[in-house]
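Report on the structure given below.
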There are 2 protein chains.
Amino acid sequence: MGTSPRRPAGISAEEAYEHLRQAIHNGELGPNERLVEATLADRLQVTRGVVRTALIRLTQDGLVVRTPNRGAHVRMFTEAEAVEILQVRAALEALTARQAALNATDQEIAAIRRQLDQMTLKLKQDDLLGYSEGNAKLHAAIIAAARHGTAAQLIAGLRAQLVRFQFRTILVAGRPPKSLAEHTAIVEAIADRDPDAAEIAMRQHLTSVVSALDKTATAIRRRFSPVDSTHAA
Amino acid sequence: MGTSPRRPAGISAEEAYEHLRQAIHNGELGPNERLVEATLADRLQVTRGVVRTALIRLTQDGLVVRTPNRGAHVRMFTEAEAVEILQVRAALEALTARQAALNATDQEIAAIRRQLDQMTLKLKQDDLLGYSEGNAKLHAAIIAAARHGTAAQLIAGLRAQLVRFQFRTILVAGRPPKSLAEHTAIVEAIADRDPDAAEIAMRQHLTSVVSALDKTATAIRRRFSPVDSTHAA
DNA sequence: AGCAACGATCCTGTCTACAAGATTGTGCAA
DNA sequence: TTGCACAATCTTGTAGACAGGATCGTTGCT
């Protein structure tokens, strides 16, 4: 069934969607690049209808812009929009922190703590990339513990939109220790099952991230583009 | 062009999408109702492809669920999901209140104030429906003043999902005066250009709405369904 | 030489037909 | 009577073709 003669080299509709999504994420399809249905269909070895469907979904995801009778292109984010997205993420993650404090099981709290320990270790080893990865995992663990499907889904969507904007705020001078302290506060609040404190701590943390981001904004604007990391701090 | 012979009674793709959206909203298409492409195409006087496209969009909007090879049906929300959606809305509207305090022009603030006065008047006249409408307008005005496209878009999406769940919390005993006081606090904070106060006030307001909702939950559960209002308080 | 109208080309939007998958009902056997 | 297998039907998914709109280059006129 895997590579039956019926499908010479083609892929399914879902695969096509994922493929395009990935292509946008990793920059294979750059911002503002035109997305001609026939061309993509040819490249992915699917029919135009499949590509069309995928583009409609991606439009609804906010990754693609379609103008009637004039085709689709990869959405370009302004810096202002990137800030907006981060602000919304901050609001939503604050909610998940609160919910995590309310709903997390002991096992989940243990897992969160372990993740924080990992980050501490990485920082001690001056492994900033590792730290950044740990950071992403910690946030993911908190979101999972929150058991809040709606918030999780929206956050995932926002993350997806921002992938090409993922800056390593961790590289800002003096940021790592501060970041660790903020994360510690969040984890402690959740472990204490104190929703208010958890929410406030997460809020402070993400506000701090935004301002760190502002500091790097000019640097980014300068050599426009290319930070392709998948991790934010 | 209006009713050209080319389109005997058919409607465009966008219209079909809007039509289905409305049909779900006003209950014409009930929760869990099966959405057979051919049937809908026949009813709307469009081809199946158009319906198909609309269903894909509605799926991404969260109004419809599609299972591969097995068709689409109207999404059913559990009570828990409704609460989740309201929680997220609360977080996002708190953000817009903050942004409104920061970004609103004098004219926008005047408009917001005017809206609040309207609500006060309606309440004095015991016009609860009018009050509820005014409430919706006030929130809309605040969102507009916030100039935060990302948040506005997500809130709109969440509102759309919840339409069939829009309860008239305003009907809860003793709620109207409290609601008005909360709104007044929000408006004052925005007018004072105090973002923290605005955010807190909005947060408190929506928390209060959620708890009012909880009180009506049993009543709703009892005679399952039918509140078709478009306004929440 | 500059500008406007026209025409060719490219691309999207829509339609019809066909193939594959899922469900339901029926008949046969235990 | 109950359970299973098979067949008919219904529905989705895909393919290919066509028509309409947009863009761009060319030609003719001023």
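A note on names: the letters A, B, ... follow the listed sequences, proteins ahead of strands, and every chain is numbered from 1. All values derive from a computational prediction rather than experimental measurement.
- For the residue pair A/T96/A/Q99, the side-chain donor-acceptor check at 3.5 Å is not satisfied.
- The side chain of A/R52 contributes an N or O atom lying less than 4.0 Å from OP1 or OP2 of C/dG13.
- Nucleic acid contact for B/G71: sugar-phosphate only, since backbone atoms but no base atoms lie under 4.0 Å from a heavy atom of the residue.
- For A/D42 and D/dA15, the CG to P distance is 13 Å, given to the nearest whole Å.
- Rounded to whole Å, atom P of C/dT23 lies 9 Å from atom CZ of B/R34.
- Between the side chains of B/H73 and B/E33, no donor-acceptor pair is found at a separation under 3.5 Å.
- Residue-to-nucleotide proximity on DNA chain D shows that, of A/T47 and A/P68, the 5′-proximal contact is made by A/T47.
- Residue A/R66 places its side chain closer to C/dG13 than to any other of C/dT14, D/dA15, C/dG13.
- Within the 4.0 angstrom heavy-atom criterion, no nucleotide atom of any strand lies near B/I56.
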Verdict with reasoning, A/R203 to B/E199, per side-chain contact (heavy atoms from CB on, under 4.5 Å): CA-CA 13 Å; A/R203 182 176 300 273; B/E199 181 175 339; 2.5 Å; yes

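- Between the C1' atom of C/dC15 and the CD atom of B/E37 lies a distance of 14 Å, rounded to the nearest Å.
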Step-by-step side-chain contact (heavy atoms from CB on, under 4.5 Å) determination, A/L35 to A/L20: CA-CA 10 Å; A/L35 300 171; A/L20 287 177; 5.8 Å; no

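- When the side-chain nitrogen and oxygen atoms of B/R70 are compared with OP1 and OP2 of C/dT23, one or more of them lie within a distance under 4.0 Å.
- The pair A/R57-A/E18 does not count as a salt bridge, with every side-chain nitrogen at least 4.0 angstrom from each carboxylate oxygen.
- For A/Q45 and D/dA15, the CD to P distance is 11 Å, given to the nearest whole Å.
- Looking at the side chain of B/N69, the nearest of the listed nucleotides D/dT14, D/dG13, D/dT11 is D/dG13.
- The CD-P distance, from A/E15 to D/dG13, rounds to 15 Å in whole Å.
- Nucleic acid contact class of A/L55 (heavy atoms, under 4.0 Å, all strands): none.
- One can place CZ of B/R57 at 11 Å from P of C/dG13, the figure rounded to the nearest angstrom.
- Distances were taken from every side-chain heavy atom of B/R48 (C-beta onward) to each of D/dT14, C/dC11, D/dG21; the shortest belongs to D/dT14.
- What separates CG of B/L40 from C1' of D/dT12 is a distance of 13 Å, to the nearest Å.
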